[in-house]
Asker: 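Below is one structure. I have some questions about it.
On a predicted model such as this, the values are computed, not experimentally measured, just so you know.
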Amino acid sequence: MTYELTVGLRYLKSRRRQTFISLITLISVGGVAVGVMVLIVVLAVMSGFETSLKDKILGINSHIWILPQTPGRLEDYQDIVTRVAALPHVTFAAPFTTHEVMLVAEGHVAGTIVRGIDPGRTDQMAELSRHMHGQELRPLLEPPRPPDGPPASPAASRGIVLGKELARHLLVFPGQQVMVTSPLGVLTPAGIMPNMRGFTVTGTFDTGMYEYDAKLALLSLHQAQNFFELGDAVHGIEVKVDNIYRVREVAEAISGLLGPAFWTRDWTQMNRNLFAALRQEKVLMFIILVLIILVAAFNIVSTLTMLVMEKHADIAILKAMGARNASIYKIFMLEGMIIGVVGTVLGGLGGLVFAWNLQTIAGVVERLLGIQFFSPDVYFLDKLPVQIHSVDVALIVLTAICVSFFATLYPAWNASRLDPVVALRYE
């Protein structure tokens with residue numbers, strides 16, 4: 001293999017008569033490098049998008065919901081919470097309520113989801129407080145009463161925490177009041193009247209996901225039960241586990257523990273279509289972008305074909321000196337592989353560097369052009385996420401090298417079957 005590699009490397013060097021072939025060789029290397037770089041960057045962005053979206057969804061939502069088979073009120077939930085929290089891999093279990101309401105403030109109206117959560121669950125409060133800009137969530141849901149002075153208004157003692165985009169839409173700030181209106185209403189002698197009550201905005205949260213920041217508000221469980229007249233009942237129990245990929249196992253354990261009176265929904269079921277679409281799009285994007293590498297492979301074929309035509313006499317002399325067909329085959333196959341490997345290495349390094357600095361590059365381009373590539377109300381997230389998986393990089397590198405290898409087969413075979421007598425006849 002030593003002399004075959006030496007001859008192959010020698011053929012790659014530029015000569016005066018082979019300038020055009022050398023240019024095509026550089027174009028082939030560049031084509032493979034660009035294809036590999038684009039694949040790494042695109043798959044890194046799509047992987048980052050999926051991971052970031054998953055973190056945003058699970059940062060504000062639970063991993064598993066436990067709901068009664070008959071939708072409505074869940075009574076005597078404390079015992080269920082205790083039993084579920086004792087299961088393996090469960091980090092915490094907490095009751096919750098959820099309602100669709102309308103918020104009104106200073107003439108601005110927004111439909112939203114109000115979720116009632118228990119401020120006494122320190123583990124749950126710690127999870128949600130990560131989105132509160134360093135504030136603790138519990139004091140915001142249960143505003144303290146003034147020890148002295150005139151009693152606070154009823155609305156001042158009822159705290160509600162809004163998503164950042166929801167508060168921006170309503171043009172309200174902490175300390176201002178919003179009117180919460182439930183479309184279910186309450187029964188009065190005059191008929192069913194809308195249930196309305198004033199709440200004080202005590203804070204805002206920022207998950208970084210526009211869909212939640214614009215459509216979610218938080219109340220304490222007691223205030224939600226009181227406002228929606230649930231008594232001591234809740235709508236369900238939310239559960240978080242130590243490994244998000246074991247939710248099916250934990251959900252089955254919960255179903256076996258509680259029996260047929262309850263059913264469970266985990267995060268993979270609640271967001272099945274979204275993540276299935278992301279995975280399918282990632283696979284399709286990989287297949288489409290491999291075409292760039294295939295174009296570069298055609299350049300390798302053309303480069304080797306022209307080189308074989310240029311080196312007819314050299315091939316004939318090598319055969320006359322005793323070189324076997326297999327050796328000629330190896331020379332041109334190694335030459336094509338060198339082009340593919342060099343292009344793959346350059347593209348891999350360029351793709352990794354570009355992906356690691358993509359957020360900075362995108363910010364510079366946005367400032368220069370005065371446009372926004374990544375709008376949070378369209379893409380759910382507020383920044384361009386990038387996550388590089390070693391498996392993806394290895395798959396891209398392996399694909400590029402395999403494509404380059406197959407591109408060398410025909411030109412190398414064509415060179416190995418050259419008849420030296422015919423090649424030297426006109427030399």
Asker: Do Asp242 and Thr91 pair up side chain to side chain, a donor and an acceptor below 3.5 Å, judged on atom types alone?
Answerer: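 Their side chains do not contain a donor-acceptor pair, so the 3.5 Å distance test is not met.
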Asker: Given 3.5 Å as the limit, does a donor-acceptor pair link the side chain of Glu238 with the main chain of Pro95, or not?
Answerer: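 No.
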Asker: Please check this pair: side chain of Trp65 against backbone of Thr264, looking for a donor-acceptor N/O pair closer than 3.5 Å.
Answerer: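 Side chain of Trp65 to backbone of Thr264, a donor-acceptor pair under 3.5 Å: no, none is there.
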Asker: Under a 4.5 Å cut-off applied to non-hydrogen side-chain atoms, are Val386 and Val45 in contact?
Answerer: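 A side-chain contact under 4.5 Å exists here.
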Asker: In the structure I gave you, are the side-chain heavy atoms of Leu230 and Thr97 within less than 4.5 Å of one another anywhere?
Answerer: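 Yes. Closest side-chain heavy atoms under 4.5 Å.
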Asker: Measuring from atom CD of Glu165 to atom OG1 of Thr207, what distance do you get when rounded to the nearest 0.5 angstrom?
Answerer: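 Going from CD on Glu165 over to OG1 on Thr207, the span is 9.5 Å.
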Asker: When you look at Leu216 and Leu166, which way does the side chain to side chain contact (heavy atoms under 4.5 Å, CB included) test go after all the steps?
Answerer: CA-CA 8 Å; Leu216 184 63; Leu166 179 60; over 6 Å; no
Asker: With heavy-atom distances below 4.5 Å as the criterion, would you say the side chains of Ile293 and Leu39 are in contact?
Answerer: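 Of all side-chain heavy-atom pairs linking Leu39 with Ile293, at least one is under 4.5 Å.
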Asker: Under 30°, 30 to 60°, or over 60°: which ring-plane class applies to Trp267 and Tyr245, parallel, tilted or perpendicular?
Answerer: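 Ring orientation of Trp267 relative to Tyr245: perpendicular.
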Asker: Check whether any side-chain N or O of His89 sits under 3.5 Å from a backbone N or O of Glu249 as a donor-acceptor pair, and report yes or no.
Answerer: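 Between the backbone of Glu249 and the side chain of His89 there is no qualifying donor-acceptor contact (under 3.5 Å).
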Asker: Do Ile113 and His99 come close enough that some side-chain heavy atom pair is under 4.5 Å?
Answerer: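 Not touching, per the 4.5 Å side-chain cut-off.
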Asker: Kindly indicate whether the side chain of Val90, heavy atoms from C-beta on, has any atom under 4.5 Å from the side chain of Val250.
Answerer: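 A side-chain contact under 4.5 Å exists here.
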Asker: Examine Arg158 relative to Phe199 and say whether NZ or CZ is less than 6.0 Å from the centre of the six-membered ring and inside a 45° cone about the ring axis.
Answerer: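 Positive - Arg158 is close enough to the ring of Phe199 and near enough to its axis.
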Asker: Any donor-acceptor pair under 3.5 Å linking the side-chain atoms of Thr305 with those of Asn414?
Answerer: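 Not at all, the side chains of Asn414 and Thr305 share no donor-acceptor pair under 3.5 Å.
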Asker: Could you tell me whether the side chain of Leu43 reaches within less than 4.5 Å of the side chain of Leu395, counting heavy atoms only?
Answerer: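 No. Closest side-chain heavy atoms not under 4.5 Å.
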Asker: Is Arg417 close enough and on-axis enough to Trp413, meaning under 6.0 Å and within 45°, for cation-pi?
Answerer: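 Yes, a cation-pi geometry.
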Asker: Give the minimum heavy-atom separation between His108 and Leu170, together with the two atoms involved.
Answerer: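 What the structure gives for the nearest pair is O-CD2, 3.5 Å.
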Asker: Considering non-hydrogen atoms only, spot the tightest contact between Gly236 and Leu67 and give its length.
Answerer: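 That would be CA-CD2, 4.1 Å.
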Asker: Would you check if the side chain of His63 reaches a backbone N or O of Val239 as a donor-acceptor pair within less than 3.5 Å?
Answerer: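 Absent.
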Asker: Salt bridge (charged side-chain N to carboxylate O under 4.0 Å, His left out) for Asp392 and Lys282? Distances and angles first, verdict last.
Answerer: CA-CA 11 Å; Asp392 291 342; Lys282 184 177 178 180; 3.1 Å; yes
Asker: About how many Å separate CD1 of Ile338 and OG of Ser404, when rounded to the nearest 0.5 Å?
Answerer: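 The CD1 atom of Ile338 is 12.0 Å from OG of Ser404, to the nearest 0.5 Å.
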